[in-house]
Peer 1: 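Structure provided below as structure tokens; questions to follow.
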Amino acid sequence: MVPAWVVLTSFCERLISMAPKSSKPDDIVVFSILRESQCDECGAELGPGALLKKEGETALCLYCADLAHLVFLPQGNAALTRRASKYTTLRATIVRFSRSRKRYERQGILVEEPALQKAEADCLADADAREQRRLREAVRREEQDAAFVAEFVDALQRRYPGCPGAEATQIAGHACQKYSGRVGRSAAAKEFAPEAIDLAVAAHVRHRHTTYDALLAQGWERQAARAAVRDAVQAVLEDWSRSTTASTHKKTPSPNGDHIS
Ligand SMILES: [Zn+2]
């Protein structure tokens with residue numbers, strides 16, 4: 001004959017285990033105290049920052065409240081908090097009174113240690129999956145940009161056949177830089193509008209084939225320096241737009257010479 005208390009205990013345990021997780025009490029509130037206090041049951045001295053549970057008018061330390069086995073999970077990681085809450089049987093919410101805002105603010109939760117470990121493992125697995133996805137997307141973007149730069153180089157060299165290949169690649173690379181807001185990334189450049197290419201090439205020539213940067217370094221105003229090198233820039237652009245002889249790029253020069261349309 002099984003004693004009645006064993007049947008009752010086992011019945012209660014089954015009831016508890018059958019209870020849906022969502023119905024677990026979430027109303028255990030623990031206060032992170034601002035001023036020194038004392039546990040009403042064991043008399044322990046509690047300093048500022050200590051955790052205290054109130055039961056009616058009674059203040060209890062975590063040991064007396066049977067919450068001392070729980071671990072603290074600070075506020076801030078929503079996924080971890082959600083998962084730890086799902087796995088833990090017992091959970092307490094920690095609040096602290098904000099003197100400046102004059103209200104209680106949530107500091108985090110107390111959960112069972114195995115629950116926190118399980119939640120952390122889940123989140124790590126997720127982070128790994130996210131990282132894999134991020135890498136795949138980055139590679140794809142990299143490829144798209146490489147293709148875009150190559151197309152820009154082609155368009156640039158059709159317009160400026162005399163532009164050395166290395167410089168054409170450099171100009172296209174700068175123009176197409178991600179998030180640069182440079183001309184190459186504009187909608188116009190995607191259609192390879194002549195103006196977009198001209199702007200990119202002119203900027204390159206100004207910096208690399210004239211004294212523009214030196215003038216700026218000497219303290220010239222930008223507009224004055226631009227005006228001073230305008231003819232030099234124009235000369236290089238004209239040279240590049242017709243000549244292929246000085247070019248080092250891979251394209252075979254046309255026997256009839258190249259012309260801009
Ligand atoms: Zn106590």
Side-chain angles (χ1 to χ4, degrees), residues 1-139 179:
M1 186 75 188
V2 183
W5 65 267
V6 172
V7 174
L8 188 61
T9 306
S10 123
F11 178 65
C12 287
E13 275 169 3
R14 275 188 60 207
L15 267 189
I16 289 165
S17 70
M18 279 160 58
K21 286 273 181 183
S22 59
S23 77
K24 87 184 132 196
D26 187 19
D27 52 357
I28 298 179
V29 177
V30 172
F31 297 91
S32 170
I33 58 176
L34 299 173
R35 270 177 277 179
E36 286 185 359
S37 188
Q38 200 173 25
C39 175
D40 289 333
E41 203 160 292
C42 71
E45 303 281 348
L46 303 170
L51 299 179
L52 181 152
K53 187 189 176 208
K54 293 207 74 165
E55 283 185 5
E57 289 305 300
T58 311
L60 299 174
C61 74
L62 284 193
Y63 289 95
C64 293
D66 286 325
L67 298 173
H69 63 296
L70 302 180
V71 291
F72 177 48
L73 172 57
Q75 193 86 324
N77 187 331
L80 192 59
T81 298
R82 192 179 62 246
R83 286 183 161 128
S85 300
K86 189 175 77 182
Y87 294 135
T88 195
T89 314
L90 192 61
R91 183 183 105 159
T93 298
I94 299 170
V95 298
R96 182 162 56 208
F97 189 73
S98 164
R99 285 177 174 135
S100 54
R101 297 190 193 84
K102 304 208 179 341
R103 61 159 191 248
Y104 283 99
E105 294 182 333
R106 207 179 137 105
Q107 305 297 305
I109 54 175
L110 292 174
V111 292
E112 288 154 0
E113 190 159 21
L116 181 57
Q117 280 166 358
K118 200 160 169 350
E120 280 171 340
D122 279 6
C123 286
L124 278 178
D126 263 16
D128 200 38
R130 273 199 300 275
E131 175 69 2
Q132 291 300 324
R133 192 172 62 219
R134 197 188 62 77
L135 286 175
R136 277 201 307 278
E137 283 170 357
V139 166
Y179 316 122

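Counting starts at 1 for both ligands and their atoms, following the listed order. Computed from heavy atoms alone, side chains included, the values below leave out hydrogens, waters and symmetry copies. Please read these numbers as outputs of a predicted model, since none were measured by experiment.
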Peer 1: Enumerate the protein N/O/S atoms at a distance below 2.8 Å from the Zn ion (ligand 1), ignoring waters.
Peer 2: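 Sorted hits: Cys39 SG, Cys42 SG, Cys61 SG, Cys64 SG.
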
Peer 1: Tell me whether the count of non-hydrogen atoms from other residues, nucleotides or ligands lying under 6.0 Å of CZ in Phe97 goes above 12.
Peer 2: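 Buried by this count: over 12 neighbours within 6.0 Å.
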
Peer 1: Is there a side-chain contact between Ile28 and Arg91, using heavy atoms and a 4.5 Å cut-off?
Peer 2: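 In short, these two side chains do not touch, never coming nearer than 4.5 Å.
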
Peer 1: Side-chain contact test, heavy atoms from C-beta onward, threshold under 4.5 Å: evaluate it for Thr88 versus Ile109 and give yes or no.
Peer 2: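 Not in contact.
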
Peer 1: Measuring only between side-chain heavy atoms, which start at C-beta, is Gln107 closer than 4.5 Å to Val95?
Peer 2: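 Side chain of Gln107 against side chain of Val95, heavy atoms only: no contact under 4.5 Å found.
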
Peer 1: Verify salt bridge (charged side-chain N to carboxylate O under 4.0 Å, His left out) between Lys86 and Asp122, making sure each step is shown before the conclusion.
Peer 2: CA-CA 12 Å; Lys86 189 175 77 182; Asp122 279 6; 5.2 Å; no

Peer 1: List for me each residue that meets side chain to side chain contact (heavy atoms under 4.5 Å, CB included) alongside Arg101, sequence neighbours excluded, and say none if there are none.
Peer 2: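 Ser98, Arg103, Glu105.
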
